[in-house]
Structure formats: structure tokens, C-alpha cells
Amino acid sequence: FSPNGERVVTASGYKALIWDAATGALQTTLEGHTCAIVCCALSPDGKRVVTSSYDLTARLWDAETGALQETLKGHTGVVRSCAFSPDGARVVTASSDMTARLWSVAL
């Protein structure tokens with residue numbers, strides 16, 4: 001859920017979907033991963049989404065337009081989880097390569 005409860009992000013296959021929480025209407029589709037997405041999260045301000053995938057990357061998206069903002073590369077295994085810091089300036093990822101990484105994603 002977004003912080004204000006208005007949106008929900010889900011992952012299905014190779015894409016993530018942003019929904020209107022009140023109506024269930026699809027708002028935005030995020031496409032670009034080359035393997036299944038395993039985790040997704042909305043930023044604290046609700047303006048960005050982070051996804052992580054079997055394709056060994058995490059990706060940062062604009063929640064309004066669906067535009068890819070950045071691909072976070074460096075893990076050598078599946079990126080199994082991702083989350084924003086409370087201020088939205090960083091993302092943490094954890095991988096089956098037995099590492100966690102902290103990424104600066106401030107706009």
C-alpha cells in the first residue's frame with residue numbers, strides 16, 4: 001500500500017501493477033524485467049516503486065508514468081527482497097548470493 005492508502009502495488013510474472021485501492025482499477029503497469037519479479041514496494045511518498053527479480057536486478061520506477069528510472073545491478077543471485085528507507089532516499093536489496101546492498105536513489 002502507498003502511505004496514504006490510495007494505491008496498491010502487486011507483482012505478477014515479469015511486471016508489477018499499481019492499482020487504485022478503493023476501486024480496484026488498474027492505474028499503471030511497470031514492465032522491463034526479463035524474469036519474474038519476487039518483491040515490490042511503494043516509496044514512502046508513493047511516487048516511486050522498487051521491484052526485485054530473478055533477473056539479478058532491482059528496478060526503480062515512476063509510479064505515475066510507469067517509466068523506468070534506474071536499474072540496480074550488482075547482485076550475482078536472485079534479488080529476493082527490496083524496500084525503501086523511511087525517507088525514500090535509499091533502497092535495500094537482499095539476494096540469494098548471500099549479500100544485502102544499500103543503494104542511494106534520491107531524486
request  = Run the salt-bridge test on Glu64 and Arg7 with the 4.0 Å N-O cut-off and return the result as yes or no.
outcome  = yes

query = Are Trp61 and Val50 grouped together when hydrophobic residues (ILVMFWY) are joined by side-chain heavy atoms under 4.5 angstrom apart?
reply = no

task = For residues Arg80 and Cys39, report the shortest heavy-atom separation together with the two atoms involved.
result = O-CB, 3.7 Å

request  = Please confirm whether the backbone N or O of Ala63 pairs with a side-chain atom of Thr28, one donor and one acceptor, at under 3.5 Å?
outcome  = yes

ask   = Which pair of non-hydrogen atoms, one from Lys15 and one from Ile37, has the smallest distance, and what is that distance?
value = C-CD1, 3.4 Å

key: Gap between atom OG of Ser52 and atom CG of Leu72 - 0.5 Å precision   = 10.0 Å

inquiry  = Using the side-chain hydrogen bond (donor to acceptor under 3.5 Å, both in side chains) criterion, which residues pair with Glu6? Sequence neighbours excluded.
reply    = Asn4

message = Can a donor-acceptor pair be found, under 3.5 Å and without considering hydrogens, that links the side chain of Ser96 to the backbone of Val78?
response = yes

ask   = Any donor-acceptor pair under 3.5 Å linking the side chain of Arg48 with the backbone of Gly88?
value = yes

ask   = Could you state the interatomic distance from NZ (Lys73) to CZ (Arg59), rounded to the nearest 0.5 Å?
value = 7.5 Å

key: Distance in Å, Ser85 OG paired with Leu102 CG, rounded so as to fall on 0.5 Å steps   = 7.5 Å

key: Joint hydrophobic cluster, Leu30 plus Leu68, side-chain heavy atoms closer than 4.5 Å   = yes

ask   = Is there a side-chain contact between Phe84 and Leu60 (heavy atoms, below 4.5 Å)?
value = yes

inquiry  = Going by the rule side-chain hydrogen bond (donor to acceptor under 3.5 Å, both in side chains), which residues pair with Glu70 if we only count those two or more places apart in sequence or in a different chain?
reply    = none

message = If I compare all heavy atoms of Thr29 with all of Leu26, which pair ends up nearest, and what's the gap?
response = OG1-CD2, 3.8 Å

key: Heavy-atom donor-acceptor pair, Asp55 side chain to Thr34 backbone, under 3.5 Å   = yes

ask   = So among Val49, Thr10, Val9, which one has a side-chain contact (heavy atoms from CB on, under 4.5 Å) with Leu17?
value = Thr10

request  = Could you pull out the closest heavy-atom pair between Cys35 and Tyr54, with the gap in Å?
outcome  = CB-CB, 3.6 Å

message = When you measure from the side chain of Ser53 to the backbone of Thr57, do you find a donor-acceptor pair of N or O atoms at a distance under 3.5 Å?
response = no

remark   = Taken to the nearest 0.5 Å, the spacing of Thr65 OG1 from Lys47 NZ works out to 12.5 Å

message = Ignoring hydrogens, what is the shortest heavy-atom contact between Arg90 and Asp87? Give both atom names and the distance.
response = N-OD1, 4.2 Å

query = Rounded to the nearest 0.5 Å, how far does CG of Leu56 lie from OG1 of Thr71?
reply = 12.5 Å

